[in-house]
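Data first, discussion second: the structure below is written as structure tokens.
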Amino acid sequence: MDFLFDSNMTTEEIAQNLLGCLLIKVTKEGTCSGWIVETEAYLGELDEAAHSYAMKRTPRIESMYKEAGTIYVYSMHAHQLLNIVVQESTIPHAILIRAIEPHTGIELMTQRRKKEGLLLTNGPGKLTKAMGIDKKDDGTLINKESLYLSQIERKKPKKIDKTARIGIPNKGVWTDALLRYTVSGNPYISVKKGKLDNGFGWECVNNTIMRIEETK
DNA sequence: ACGTCGATCTCCT
DNA sequence: GGAGATCGACGTA
């Protein structure tokens, strides 16, 4: 967790550092986990695409004005989206977790999603449904309740791609800003371009049998 | 009280 | 690749 509280790191650096961290959710149905493969940075006060743009403050976005490590979950189009607040409470920056590569609890995720393979977690609304993350997690602290981030079992991306964020039209320079970070070649990335990597884009693939299931 | 609008997903062609 | 689903939060009245 210290990486989130390192005040020397920018939000962009933290967003890249989260790639390869293991995200874990514990529920009474069981535990699910997966490696983060896609993140987006939202830079509060200056960023027109952020909910907290111009320090706007409403009950929905209160969590963005809490300490680093606070979970911010909000709903849109009947989906839940997971963010992690990463700076002190006066700086409303958050990182959207957009995709994970499943690790454990795959059977439970399959039940919840009623889908298989890449479709389990290759999108921000999909991964929250698969892992059982919802509004009850909003405002809670990471590693304190039922949602955890582990660096112990982490993987390291061979290469990180930087692209424009998804679904941000008409926001001037913020539409094109390279604030989306993906593990290059990982098949669970939500909007893919470029070719897939046989090792899922990780540096060391130890004993893990990789199989890319084509779906579309 | 009501109209608008998404940091999306699914199904269909 | 595109339309429709869908729903809560927010702004305006």
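Quick note: numbers below take in every heavy atom, side chains included, and nothing from hydrogens, waters or symmetry partners. In what follows, chains carry the letters A, B, and so on, assigned in the order in which the sequence lines appear, proteins first and then strands, with residues in each chain numbered from 1.
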Margin query: If stacking means aromatic ring centre less than 5.5 angstrom from the base's six-membered ring centre, planes under 30°, is H77(A) stacked on dT8(B)?
Written below: yes

Note to self: Tell me whether V173(A) shares a hydrophobic cluster with L178(A), the cluster being built from Ile, Leu, Val, Met, Phe, Trp, Tyr side chains joined at under 4.5 Å.
What the structure shows: no

Next item on the list: Check whether L108(A) and L119(A) end up in the same hydrophobic cluster, where Ile, Leu, Val, Met, Phe, Trp and Tyr are linked by side-chain heavy atoms less than 4.5 Å apart.
Entry: no

Rounded distance in Å - [atom1] ([X]) to [atom2] ([N]):
X	N	atom1	atom2	result
L82(A)	dA7(B)	CG	P	16 Å
H51(A)	dC10(C)	NE2	P	9 Å
R57(A)	dA9(C)	CZ	C1'	17 Å
N83(A)	dG6(B)	CG	P	17 Å
I168(A)	dT8(B)	CD1	P	7 Å
K126(A)	dA7(B)	NZ	P	18 Å

Check: So do W35(A) and C21(A) actually touch side chain to side chain, heavy atoms under 4.5 Å?
Finding: no

OP1 or OP2 of [N] versus the side-chain N and O atoms of [X]: is any pair under 4.0 Å?
X	N	value
T58(A)	dC10(C)	yes
K129(A)	dT10(B)	no
K115(A)	dC11(B)	yes
R98(A)	dT8(B)	yes

Item checked: Nearest atoms (heavy-atom pairs only) where M55(A) meets Y65(A) -> C-OH, 3.0 Å

Margin query: Could you report the tightest heavy-atom contact between A50(A) and L43(A), atom names first, then the distance?
Written below: CB-N, 4.4 Å

Margin query: From the set dA7(B), dC9(B), dC7(C), return the single nucleotide nearest to any side-chain atom of Y42(A).
Written below: dA7(B)

Next item on the list: Could you please name the option among dC10(C), dC9(B), dG8(C) that lies closest to any side-chain atom of P59(A)?
Entry: dC10(C)

Notebook entry, point to check: Stems in DNA chain B: runs of 3 or more consecutive Watson-Crick or G-U pairs, distances under 3.5 Å?
Noted result: B:1-6 with C:7-12, B:8-12 with C:1-5

Next item on the list: Tell me which of R113(A) and G167(A) sits closer to the 5' end of DNA chain B, going by the nucleotide each one is nearest to.
Entry: G167(A)

